[in-house]
S.K.: 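I have a structure I would like to understand better, so I am pasting it below and will then ask my questions one at a time.
In what follows, chains are A, B, ... by sequence order, proteins preceding strands, each numbered from 1.
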Amino acid sequence: MDNLWLGLISGVLFGFVIQRGGATDADEMVKAHLMADGRVPKFMVAAVALSALGLYGLQSVGVGRVMVLPVSIVATGLGAVIFGIGWGLSGYCPGTCWAAAGEGRMDAIFALLGGFVGTLLFAQLHETLIPLLYLPTSMGPVTLTDWLGEPGGVLTLFVVFAVMVWLIGRLWGTPAEE
Amino acid sequence: MNKARYWGWVPTSIALTGVILFIFATFGPPASSSGFVTTLKGILQPIAPDYVAGKEHYAMMPGPGSWLMTFVLGMAIGGFIGGRTMKKKIHDVPEIWVKNFGGSRKKRYIATFIGGVLILFGARLAGGCTLGLFISGSTQLAISGLYFGVIIFAVAMITARIVYKKYGKGVL
(Lines give C-alpha, C1' and ligand atoms only; values in the text may rest on other atoms or scores of the structure.)
Protein backbone atom coordinates (compact mmCIF):
# COMPACT_ATOMS: atom_id res chain seq x y z
CA MET A 1 0.00 0.00 0.00
CA ASP A 2 2.84 2.38 0.84
CA ASN A 3 4.25 1.69 -2.58
CA LEU A 4 1.03 2.76 -4.29
CA TRP A 5 1.01 6.13 -2.54
CA LEU A 6 4.72 6.61 -3.23
CA GLY A 7 4.10 5.85 -6.91
CA LEU A 8 1.23 8.31 -7.06
CA ILE A 9 3.19 11.10 -5.32
CA SER A 10 6.25 10.45 -7.50
CA GLY A 11 4.05 10.52 -10.60
CA VAL A 12 2.36 13.81 -9.64
CA LEU A 13 5.75 15.45 -8.99
CA PHE A 14 7.28 14.06 -12.16
CA GLY A 15 4.26 15.01 -14.29
CA PHE A 16 4.21 18.53 -12.87
CA VAL A 17 7.92 19.12 -13.47
CA ILE A 18 7.89 17.84 -17.06
CA GLN A 19 4.81 20.00 -17.75
CA ARG A 20 6.64 23.08 -16.43
CA GLY A 21 9.67 22.09 -18.47
CA GLY A 22 7.48 22.00 -21.59
CA ALA A 23 8.15 18.34 -22.37
CA THR A 24 4.39 17.66 -22.60
CA ASP A 25 4.08 20.27 -25.36
CA ALA A 26 4.61 18.58 -28.74
CA ASP A 27 5.52 21.96 -30.27
CA GLU A 28 8.45 22.20 -27.85
CA MET A 29 9.50 18.61 -28.48
CA VAL A 30 9.41 18.98 -32.28
CA LYS A 31 11.43 22.22 -31.99
CA ALA A 32 13.96 20.26 -29.94
CA HIS A 33 14.17 17.51 -32.58
CA LEU A 34 14.53 20.11 -35.37
CA MET A 35 17.44 21.68 -33.45
CA ALA A 36 15.48 24.92 -33.28
CA ASP A 37 15.38 25.10 -29.46
CA GLY A 38 17.85 23.38 -27.13
CA ARG A 39 15.98 23.96 -23.87
CA VAL A 40 14.26 20.55 -23.55
CA PRO A 41 17.22 18.33 -24.56
CA LYS A 42 19.50 20.44 -22.34
CA PHE A 43 17.41 19.81 -19.23
CA MET A 44 17.04 16.11 -20.06
CA VAL A 45 20.77 15.58 -20.47
CA ALA A 46 21.65 17.80 -17.48
CA ALA A 47 19.16 15.92 -15.27
CA VAL A 48 20.82 12.61 -16.15
CA ALA A 49 24.30 14.01 -15.38
CA LEU A 50 23.16 15.34 -11.98
CA SER A 51 21.11 12.22 -11.17
CA ALA A 52 24.08 9.96 -11.93
CA LEU A 53 26.24 11.89 -9.45
CA GLY A 54 23.40 11.96 -6.92
CA LEU A 55 22.70 8.24 -7.24
CA TYR A 56 26.39 7.50 -6.82
CA GLY A 57 26.27 9.49 -3.59
CA LEU A 58 23.11 7.73 -2.39
CA GLN A 59 24.56 4.31 -3.17
CA SER A 60 27.76 5.08 -1.29
CA VAL A 61 25.71 5.54 1.89
CA GLY A 62 23.60 2.48 1.11
CA VAL A 63 20.41 4.26 -0.01
CA GLY A 64 18.35 3.42 -3.10
CA ARG A 65 17.66 0.39 -5.23
CA VAL A 66 19.28 -0.08 -8.63
CA MET A 67 18.40 -2.47 -11.43
CA VAL A 68 20.50 -2.29 -14.57
CA LEU A 69 18.75 -3.51 -17.71
CA PRO A 70 20.72 -5.69 -20.12
CA VAL A 71 21.77 -4.34 -23.49
CA SER A 72 20.88 -6.34 -26.59
CA ILE A 73 22.60 -5.00 -29.69
CA VAL A 74 19.74 -5.95 -32.03
CA ALA A 75 16.64 -5.63 -29.81
CA THR A 76 17.68 -2.47 -27.95
CA GLY A 77 18.90 -0.91 -31.20
CA LEU A 78 15.88 -1.87 -33.32
CA GLY A 79 13.48 -0.93 -30.50
CA ALA A 80 15.21 2.46 -30.32
CA VAL A 81 14.82 3.01 -34.08
CA ILE A 82 11.08 2.20 -33.98
CA PHE A 83 10.74 4.37 -30.87
CA GLY A 84 12.61 7.27 -32.50
CA ILE A 85 10.30 7.27 -35.53
CA GLY A 86 7.22 7.44 -33.29
CA TRP A 87 8.78 10.12 -31.06
CA GLY A 88 9.88 12.28 -34.00
CA LEU A 89 6.48 11.96 -35.68
CA SER A 90 4.25 12.63 -32.67
CA GLY A 91 6.43 14.60 -30.27
CA TYR A 92 5.29 12.33 -27.43
CA CYS A 93 7.00 9.54 -25.51
CA PRO A 94 5.45 6.95 -23.16
CA GLY A 95 5.87 9.20 -20.10
CA THR A 96 4.98 12.59 -21.54
CA CYS A 97 1.77 11.36 -23.19
CA TRP A 98 0.26 10.56 -19.75
CA ALA A 99 1.03 14.04 -18.42
CA ALA A 100 -0.02 15.70 -21.70
CA ALA A 101 -3.29 13.75 -21.68
CA GLY A 102 -3.87 14.96 -18.11
CA GLU A 103 -3.19 18.48 -19.31
CA GLY A 104 -6.09 18.02 -21.72
CA ARG A 105 -4.26 17.69 -25.04
CA MET A 106 -6.51 15.58 -27.27
CA ASP A 107 -3.70 14.46 -29.58
CA ALA A 108 -1.88 13.04 -26.54
CA ILE A 109 -4.94 10.98 -25.62
CA PHE A 110 -4.70 9.37 -29.08
CA ALA A 111 -0.98 8.76 -28.52
CA LEU A 112 -1.91 7.08 -25.24
CA LEU A 113 -4.50 4.87 -26.96
CA GLY A 114 -1.97 4.01 -29.66
CA GLY A 115 0.44 3.15 -26.87
CA PHE A 116 -1.93 0.52 -25.50
CA VAL A 117 -2.25 -1.00 -28.97
CA GLY A 118 1.55 -1.06 -29.34
CA THR A 119 1.88 -2.74 -25.95
CA LEU A 120 -0.81 -5.30 -26.81
CA LEU A 121 0.94 -6.05 -30.10
CA PHE A 122 4.34 -6.52 -28.51
CA ALA A 123 2.98 -8.64 -25.66
CA GLN A 124 1.35 -10.89 -28.29
CA LEU A 125 4.68 -11.29 -30.12
CA HIS A 126 6.95 -11.47 -27.03
CA GLU A 127 7.45 -15.24 -27.20
CA THR A 128 8.59 -14.95 -30.84
CA LEU A 129 10.61 -11.71 -30.76
CA ILE A 130 12.55 -12.03 -27.50
CA PRO A 131 14.32 -15.33 -28.41
CA LEU A 132 14.75 -14.09 -32.00
CA LEU A 133 16.01 -10.53 -31.46
CA TYR A 134 16.81 -9.96 -27.79
CA LEU A 135 18.58 -12.98 -26.40
CA PRO A 136 21.13 -13.83 -29.15
CA THR A 137 22.85 -10.41 -29.00
CA SER A 138 22.35 -9.68 -25.31
CA MET A 139 25.52 -8.60 -23.53
CA GLY A 140 23.91 -8.59 -20.10
CA PRO A 141 23.59 -5.65 -17.71
CA VAL A 142 26.87 -3.92 -18.59
CA THR A 143 27.66 -0.51 -17.07
CA LEU A 144 30.32 2.15 -17.56
CA THR A 145 31.78 1.10 -14.21
CA ASP A 146 32.48 -2.38 -15.67
CA TRP A 147 34.52 -0.70 -18.39
CA LEU A 148 36.07 2.27 -16.61
CA GLY A 149 36.10 1.34 -12.94
CA GLU A 150 34.95 3.32 -9.96
CA PRO A 151 34.59 6.28 -9.85
CA GLY A 152 35.88 6.48 -13.46
CA GLY A 153 32.49 5.43 -14.89
CA VAL A 154 30.36 8.02 -13.14
CA LEU A 155 32.90 10.81 -13.70
CA THR A 156 33.15 10.00 -17.41
CA LEU A 157 29.37 10.08 -17.75
CA PHE A 158 29.16 13.42 -15.92
CA VAL A 159 31.86 15.04 -18.06
CA VAL A 160 30.50 13.68 -21.37
CA PHE A 161 26.94 14.76 -20.53
CA ALA A 162 28.12 18.21 -19.39
CA VAL A 163 29.93 18.64 -22.71
CA MET A 164 26.75 17.56 -24.49
CA VAL A 165 24.73 20.26 -22.69
CA TRP A 166 27.30 22.80 -23.84
CA LEU A 167 27.24 21.43 -27.41
CA ILE A 168 23.43 21.55 -27.55
CA GLY A 169 23.70 25.18 -26.43
CA ARG A 170 26.07 25.87 -29.34
CA LEU A 171 24.38 23.84 -32.07
CA TRP A 172 20.67 24.29 -31.29
CA GLY A 173 18.97 27.65 -31.86
CA THR A 174 17.18 29.82 -29.33
CA PRO A 175 13.86 30.97 -30.77
CA ALA A 176 12.62 34.49 -30.07
CA GLU A 177 9.63 34.40 -27.70
CA GLU A 178 6.42 35.28 -29.49
CA MET B 1 -2.14 35.45 -24.54
CA ASN B 2 0.82 33.10 -24.44
CA LYS B 3 2.66 35.22 -21.90
CA ALA B 4 3.47 32.33 -19.58
CA ARG B 5 6.81 30.69 -20.29
CA TYR B 6 8.17 27.28 -19.46
CA TRP B 7 10.93 26.96 -16.89
CA GLY B 8 14.48 27.34 -18.13
CA TRP B 9 16.70 24.27 -18.47
CA VAL B 10 18.58 24.91 -15.21
CA PRO B 11 15.61 24.95 -12.78
CA THR B 12 13.92 22.13 -14.72
CA SER B 13 16.98 19.87 -14.60
CA ILE B 14 17.44 20.51 -10.86
CA ALA B 15 13.77 19.83 -10.07
CA LEU B 16 13.80 16.72 -12.27
CA THR B 17 16.97 15.45 -10.57
CA GLY B 18 15.28 15.90 -7.20
CA VAL B 19 12.28 13.81 -8.29
CA ILE B 20 14.46 11.12 -9.93
CA LEU B 21 16.64 10.72 -6.82
CA PHE B 22 13.54 10.65 -4.58
CA ILE B 23 12.21 7.78 -6.72
CA PHE B 24 15.53 5.87 -6.64
CA ALA B 25 15.66 6.27 -2.85
CA THR B 26 12.04 5.28 -2.14
CA PHE B 27 11.32 2.75 -4.91
CA GLY B 28 14.00 2.07 -7.49
CA PRO B 29 14.57 3.02 -11.13
CA PRO B 30 11.60 5.05 -12.44
CA ALA B 31 9.84 3.75 -15.57
CA SER B 32 6.77 4.69 -17.55
CA SER B 33 6.37 2.29 -20.49
CA SER B 34 5.99 -0.54 -17.91
CA GLY B 35 2.92 1.33 -16.65
CA PHE B 36 1.25 0.57 -19.99
CA VAL B 37 1.80 -3.15 -19.45
CA THR B 38 0.47 -3.16 -15.88
CA THR B 39 -2.55 -1.05 -16.84
CA LEU B 40 -3.31 -3.26 -19.84
CA LYS B 41 -2.89 -6.35 -17.67
CA GLY B 42 -5.49 -4.89 -15.33
CA ILE B 43 -7.90 -4.29 -18.20
CA LEU B 44 -7.41 -7.70 -19.85
CA GLN B 45 -7.30 -9.90 -16.75
CA PRO B 46 -11.07 -9.88 -16.06
CA ILE B 47 -11.90 -10.27 -19.78
CA ALA B 48 -9.36 -12.93 -20.80
CA PRO B 49 -7.69 -14.38 -17.70
CA ASP B 50 -6.27 -17.43 -19.54
CA TYR B 51 -4.69 -15.30 -22.27
CA VAL B 52 -3.00 -13.00 -19.73
CA ALA B 53 -1.78 -15.93 -17.61
CA GLY B 54 -0.24 -17.62 -20.65
CA LYS B 55 1.61 -14.58 -21.94
CA GLU B 56 5.16 -14.00 -20.73
CA HIS B 57 5.04 -10.21 -21.21
CA TYR B 58 2.16 -9.88 -18.71
CA ALA B 59 3.53 -12.55 -16.39
CA MET B 60 6.83 -10.68 -15.97
CA MET B 61 5.08 -7.46 -14.87
CA PRO B 62 3.12 -6.70 -11.71
CA GLY B 63 -0.61 -6.11 -12.08
CA PRO B 64 -2.51 -2.87 -11.67
CA GLY B 65 -2.03 -2.68 -7.88
CA SER B 66 1.57 -1.55 -8.25
CA TRP B 67 3.88 1.47 -8.07
CA LEU B 68 4.31 1.32 -11.85
CA MET B 69 0.60 1.92 -12.40
CA THR B 70 0.02 4.61 -9.78
CA PHE B 71 3.09 6.40 -11.16
CA VAL B 72 1.60 6.81 -14.65
CA LEU B 73 -1.77 7.84 -13.19
CA GLY B 74 0.08 10.32 -10.99
CA MET B 75 1.79 11.73 -14.07
CA ALA B 76 -1.61 12.46 -15.62
CA ILE B 77 -2.64 14.25 -12.41
CA GLY B 78 0.66 16.15 -12.30
CA GLY B 79 0.16 17.22 -15.92
CA PHE B 80 -3.40 18.30 -15.10
CA ILE B 81 -2.27 20.41 -12.13
CA GLY B 82 0.59 21.87 -14.19
CA GLY B 83 -1.70 22.81 -17.05
CA ARG B 84 -4.36 24.36 -14.80
CA THR B 85 -1.87 26.51 -12.88
CA MET B 86 -0.19 27.97 -15.96
CA LYS B 87 -1.61 30.64 -18.23
CA LYS B 88 -0.49 29.04 -21.45
CA LYS B 89 -2.87 28.01 -24.20
CA ILE B 90 -3.16 24.25 -24.68
CA HIS B 91 -3.51 23.08 -28.26
CA ASP B 92 -5.18 19.85 -29.37
CA VAL B 93 -3.15 20.16 -32.57
CA PRO B 94 0.35 21.64 -32.20
CA GLU B 95 1.07 24.89 -34.07
CA ILE B 96 3.95 23.38 -36.02
CA TRP B 97 1.67 20.56 -37.17
CA VAL B 98 -0.93 23.12 -38.37
CA LYS B 99 1.79 24.98 -40.33
CA ASN B 100 2.78 21.76 -42.08
CA PHE B 101 -0.46 19.84 -42.48
CA GLY B 102 -3.33 22.24 -41.76
CA GLY B 103 -5.79 22.26 -38.87
CA SER B 104 -7.45 18.86 -39.42
CA ARG B 105 -7.79 17.19 -36.04
CA LYS B 106 -8.43 13.80 -37.64
CA LYS B 107 -5.08 13.83 -39.46
CA ARG B 108 -3.17 14.77 -36.29
CA TYR B 109 -4.96 12.23 -34.13
CA ILE B 110 -4.22 9.45 -36.62
CA ALA B 111 -0.56 10.52 -36.63
CA THR B 112 -0.23 10.54 -32.83
CA PHE B 113 -2.09 7.23 -32.61
CA ILE B 114 0.45 5.66 -34.99
CA GLY B 115 3.24 7.41 -33.06
CA GLY B 116 1.86 5.90 -29.86
CA VAL B 117 1.85 2.39 -31.34
CA LEU B 118 5.49 2.83 -32.46
CA ILE B 119 6.86 4.27 -29.21
CA LEU B 120 5.34 1.55 -27.08
CA PHE B 121 6.20 -1.30 -29.45
CA GLY B 122 9.78 0.00 -29.66
CA ALA B 123 10.04 0.57 -25.91
CA ARG B 124 8.75 -2.89 -25.03
CA LEU B 125 11.18 -4.50 -27.49
CA ALA B 126 14.13 -2.49 -26.16
CA GLY B 127 13.14 -2.96 -22.51
CA GLY B 128 12.16 0.62 -21.65
CA CYS B 129 11.43 4.16 -22.82
CA THR B 130 12.89 7.67 -22.51
CA LEU B 131 12.46 7.45 -18.75
CA GLY B 132 12.79 3.73 -17.97
CA LEU B 133 15.72 3.06 -20.26
CA PHE B 134 17.46 6.33 -21.24
CA ILE B 135 17.09 8.38 -18.04
CA SER B 136 16.97 5.55 -15.47
CA GLY B 137 19.55 3.48 -17.30
CA SER B 138 22.06 6.26 -17.92
CA THR B 139 21.71 7.45 -14.31
CA GLN B 140 22.84 3.93 -13.34
CA LEU B 141 25.61 4.15 -15.98
CA ALA B 142 23.96 1.33 -17.97
CA ILE B 143 25.26 0.84 -21.49
CA SER B 144 21.69 -0.17 -22.51
CA GLY B 145 20.39 3.28 -21.56
CA LEU B 146 23.20 5.18 -23.30
CA TYR B 147 22.94 3.06 -26.46
CA PHE B 148 19.13 3.48 -26.54
CA GLY B 149 19.44 7.25 -25.88
CA VAL B 150 21.85 7.94 -28.74
CA ILE B 151 19.66 6.09 -31.26
CA ILE B 152 16.28 7.53 -30.18
CA PHE B 153 17.58 11.11 -30.37
CA ALA B 154 19.26 10.56 -33.75
CA VAL B 155 16.25 8.80 -35.32
CA ALA B 156 13.72 11.29 -33.87
CA MET B 157 15.78 14.19 -35.24
CA ILE B 158 15.88 12.66 -38.73
CA THR B 159 12.17 11.78 -38.60
CA ALA B 160 11.21 15.31 -37.51
CA ARG B 161 13.18 16.76 -40.46
CA ILE B 162 11.27 14.51 -42.86
CA VAL B 163 7.82 15.03 -41.31
CA TYR B 164 7.98 18.74 -40.43
CA LYS B 165 9.47 20.17 -43.63
CA LYS B 166 8.20 23.68 -43.01
CA TYR B 167 10.15 25.10 -40.13
CA GLY B 168 12.47 28.00 -39.50
CA LYS B 169 11.57 31.68 -39.70
CA GLY B 170 7.89 32.47 -39.29
CA VAL B 171 7.02 28.88 -38.46
CA LEU B 172 8.70 28.38 -35.12
S.K.: Can you check whether B:Trp9 reaches A:Val165 side chain to side chain, under 4.5 Å on heavy atoms?
M.R.: yes
S.K.: Between chain B and each of A:Phe161, A:Phe110, A:Tyr92, A:Tyr56, count heavy-atom pairs under 4.5 Å; write down the option with the most.
M.R.: A:Phe110
S.K.: Could you have a look at B:Ile81, B:Thr159, B:Leu125 and say which one has the most heavy-atom pairs with chain A under 4.5 angstrom?
M.R.: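 Most heavy-atom pairs under 4.5 Å with chain A: B:Leu125.
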S.K.: Where on B:Val19 is there a heavy atom nearer than 4.5 Å to chain A: the side chain, the backbone, both, or neither?
M.R.: side chain
S.K.: Would you say A:Arg20 and B:Thr12 are linked by a side-chain donor-acceptor pair, where the criterion is simply a distance under 3.5 Å?
M.R.: no
S.K.: For the candidates B:Ala154, B:Gly128, B:Gly83, which exhibits the highest count of non-hydrogen atom pairs separated by less than 4.5 Å from chain A?
M.R.: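 When all of B:Ala154, B:Gly128, B:Gly83 are compared, B:Gly83 has the most.
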S.K.: With a 4.5 angstrom heavy-atom cut-off, could you sort out which part of B:Tyr147 is near chain A: side chain, backbone, both or neither?
M.R.: side chain
S.K.: As an exercise: rank A:Gly15, A:Gly7, A:Ala23 by heavy-atom pairs under 4.5 Å with chain B and give me the winner.
M.R.: A:Gly7
S.K.: Which bit of A:Leu120 comes within less than 4.5 Å of chain B, counting heavy atoms only: side chain, backbone, both or neither?
M.R.: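 Answer is both: backbone and side chain atoms of A:Leu120 are under 4.5 Å from chain B.
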S.K.: Using heavy-atom distances under 4.5 Å, tell me whether B:Val37 contacts chain A through its side chain, its backbone, both, or neither.
M.R.: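 Both backbone and side chain.
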S.K.: B:Tyr51: which residues meet the ring pair (Phe, Tyr, Trp, His ring centres under 6.0 Å) condition with it, sequence neighbours left out?
M.R.: none
S.K.: Give, as side chain, backbone, both or neither, the part of B:Leu146 having an atom under 4.5 angstrom from any heavy atom of chain A.
M.R.: side chain
S.K.: Can you tell me if B:Ser66 uses its side chain to pair, donor with acceptor, with the backbone of B:Gly63 under 3.5 Å?
M.R.: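 Between the backbone of B:Gly63 and the side chain of B:Ser66 there is a qualifying donor-acceptor contact (under 3.5 Å).
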S.K.: Select, from A:Gly77, A:Gly54, A:Gly91, A:Cys97, the one with the greatest count of heavy-atom pairs under 4.5 Å involving chain B.
M.R.: A:Gly77
S.K.: Is the distance from the ring center of B:Phe71 to that of B:Phe27 below 6.0 Å?
M.R.: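 Between B:Phe71 and B:Phe27, the centre distance exceeds or equals 6.0 Å.
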S.K.: Answer with side chain, backbone, both or neither: which region of A:Gln59 has an atom nearer than 4.5 Å to a non-hydrogen atom of chain B?
M.R.: neither
S.K.: Of all of B:Val163, B:Thr39, B:Ile110, which one pairs up most often with chain A through heavy atoms under 4.5 Å apart?
M.R.: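 Highest number of heavy-atom pairs under 4.5 Å: B:Thr39.
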S.K.: Is it the side chain or the backbone of B:Tyr164 that comes within 4.5 Å of chain A heavy atoms, both, or neither?
M.R.: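 When you check distances to chain A, atoms from both the backbone and side chain of B:Tyr164 fall under 4.5 Å.
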S.K.: Consider only side-chain heavy atoms of I, L, V, M, F, W and Y, link residues closer than 4.5 Å, and tell whether A:Leu58 and B:Leu141 are in one cluster.
M.R.: yes
S.K.: Which bit of B:Ile20 comes within less than 4.5 Å of chain A, counting heavy atoms only: side chain, backbone, both or neither?
M.R.: side chain
S.K.: Which bit of A:Ala123 is near chain B, if near means a heavy-atom gap under 4.5 Å: side chain, backbone, both or neither?
M.R.: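 Interface part for A:Ala123: both.
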S.K.: Which atoms of A:Val48 come close to chain B, meaning under 4.5 Å heavy atom to heavy atom: side chain ones, backbone ones, both, or neither?
M.R.: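 Both parts, backbone and side chain.
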S.K.: What residue, out of A:Ala75, A:Ala46, A:Pro70, A:Ala26, has the most heavy-atom pairs lying under 4.5 Å from chain B?
M.R.: A:Ala75
S.K.: Report which part of B:Met60 has an atom under 4.5 Å of a heavy atom belonging to chain A: side chain, backbone, both, or neither.
M.R.: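 Looking at B:Met60, just its side chain touches chain A.
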S.K.: Quick check for you: among A:Ile73, A:Leu53, A:Leu148, A:Thr145, which has the greatest number of heavy-atom pairs under 4.5 Å with chain B?
M.R.: A:Ile73
S.K.: Would B:Leu133 and A:Val160 show up in the same hydrophobic cluster when neighbours are defined by side-chain heavy atoms closer than 4.5 Å?
M.R.: yes
S.K.: Please rank B:Pro30, B:Pro94, B:Ser136, B:Ser32 by heavy-atom pairs under 4.5 Å with chain A and give me the top one.
M.R.: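 Going by pairs under 4.5 Å, I would pick B:Pro94.
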S.K.: Measure distances from B:Leu131 to the heavy atoms of chain A and classify the residue's part below 4.5 Å as side chain, backbone, both or neither.
M.R.: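 Contact with chain A involves the side chain of B:Leu131 alone.
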S.K.: Counting only non-hydrogen atoms closer than 4.5 Å, does B:Ile162 touch chain A with its backbone (N, CA, C, O), its side chain (CB onward), both, or neither?
M.R.: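 Answer is neither: B:Ile162 stays 4.5 Å or more from chain A.
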S.K.: Give, as side chain, backbone, both or neither, the part of A:Thr24 having an atom under 4.5 angstrom from any heavy atom of chain B.
M.R.: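 For A:Thr24, neither part sits under 4.5 Å from chain B.
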S.K.: Any idea which of B:Leu21, B:Thr112, B:Leu120 has the most non-hydrogen atom pairs under 4.5 angstrom with chain A?
M.R.: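 Top option by heavy-atom pairs under 4.5 Å: B:Thr112.
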S.K.: Please determine, among A:Val12, A:Val74, A:Val68, the option with the most heavy-atom pairs under 4.5 Å with chain B.
M.R.: A:Val12
S.K.: What verdict does the side chain to side chain contact (heavy atoms under 4.5 Å, CB included) test give for B:Phe36 and A:Leu112, after you've listed the backbone C-alpha separation in whole Å, the side-chain angles of each residue and the deciding distance to 0.1 Å?
M.R.: CA-CA 9 Å; B:Phe36 278 86; A:Leu112 196 69; 3.7 Å; yes
S.K.: With rounding to the nearest 0.5 Å, note down the distance linking CD1 in A:Ile18 to CH2 in A:Trp98.
M.R.: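 If I round to the nearest 0.5 Å, the distance is 12.5 Å.
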S.K.: Could you look at A:Phe116 and say if it's the side chain, the backbone, both or neither that has a heavy atom under 4.5 Å from chain B?
M.R.: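 For A:Phe116, the contact with chain B is made by backbone and side chain together.
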S.K.: If two hydrophobic side chains count as joined below 4.5 Å and joins carry through other members, does A:Leu34 share a cluster with B:Val155?
M.R.: yes
S.K.: Report which part of B:Thr85 has an atom under 4.5 Å of a heavy atom belonging to chain A: side chain, backbone, both, or neither.
M.R.: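 B:Thr85 touches chain A through backbone and side-chain heavy atoms alike.
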S.K.: Below 4.5 Å, heavy-atom pairs only: which of B:Ile90, B:Ile77, B:Ile14, B:Ile23 has the largest tally toward chain A?
M.R.: B:Ile90
S.K.: Just so I know, are the side chains of B:Pro62 and B:Trp67 near enough to count as touching, which here means a heavy-atom distance under 4.5 Å?
M.R.: no
S.K.: Answer with side chain, backbone, both or neither: which region of B:Phe148 has an atom nearer than 4.5 Å to a non-hydrogen atom of chain A?
M.R.: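 When you check distances to chain A, atoms from both the backbone and side chain of B:Phe148 fall under 4.5 Å.
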S.K.: So, the side chain of B:Lys41 versus the backbone of B:Tyr58: is there a donor-acceptor pair under 3.5 Å, distance only?
M.R.: yes
S.K.: Can A:Arg105 and A:Thr96 be counted as having a side-chain donor-acceptor contact under 3.5 angstrom?
M.R.: no
S.K.: Determine, using the 4.5 Å side-chain heavy-atom cutoff (strictly less than), whether A:Leu121 and B:Leu44 are members of one ILVMFWY cluster.
M.R.: yes
S.K.: Taking side chain as C-beta onward, heavy atoms only, is A:Asp25 less than 4.5 Å from B:Lys88?
M.R.: yes
S.K.: Measuring from A:Leu171:CG to A:Met35:CE, what's the distance to the nearest 0.5 Å?
M.R.: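 If we round to the nearest 0.5 Å, A:Leu171:CG and A:Met35:CE are 5.0 Å apart.
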S.K.: Examine whether an atom of A:Leu8 lies under 4.5 Å from a heavy atom of chain B, and if so say whether it belongs to the side chain, the backbone or both; otherwise answer neither.
M.R.: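 It is both, since atoms from each part get that close.
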S.K.: Measure distances from A:His33 to the heavy atoms of chain B and classify the residue's part below 4.5 Å as side chain, backbone, both or neither.
M.R.: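 The answer is both parts of A:His33.
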S.K.: Can you tell me which residue among A:Thr137, A:Leu133, A:Val71 is in a side-chain contact (heavy atoms from CB on, under 4.5 Å) with A:Thr76?
M.R.: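 The option that passes is A:Val71.
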S.K.: In terms of hydrophobic clustering (I, L, V, M, F, W, Y; side-chain heavy atoms under 4.5 Å; direct or indirect links), are B:Met86 and A:Val17 co-clustered?
M.R.: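 Not linked; separate clusters.
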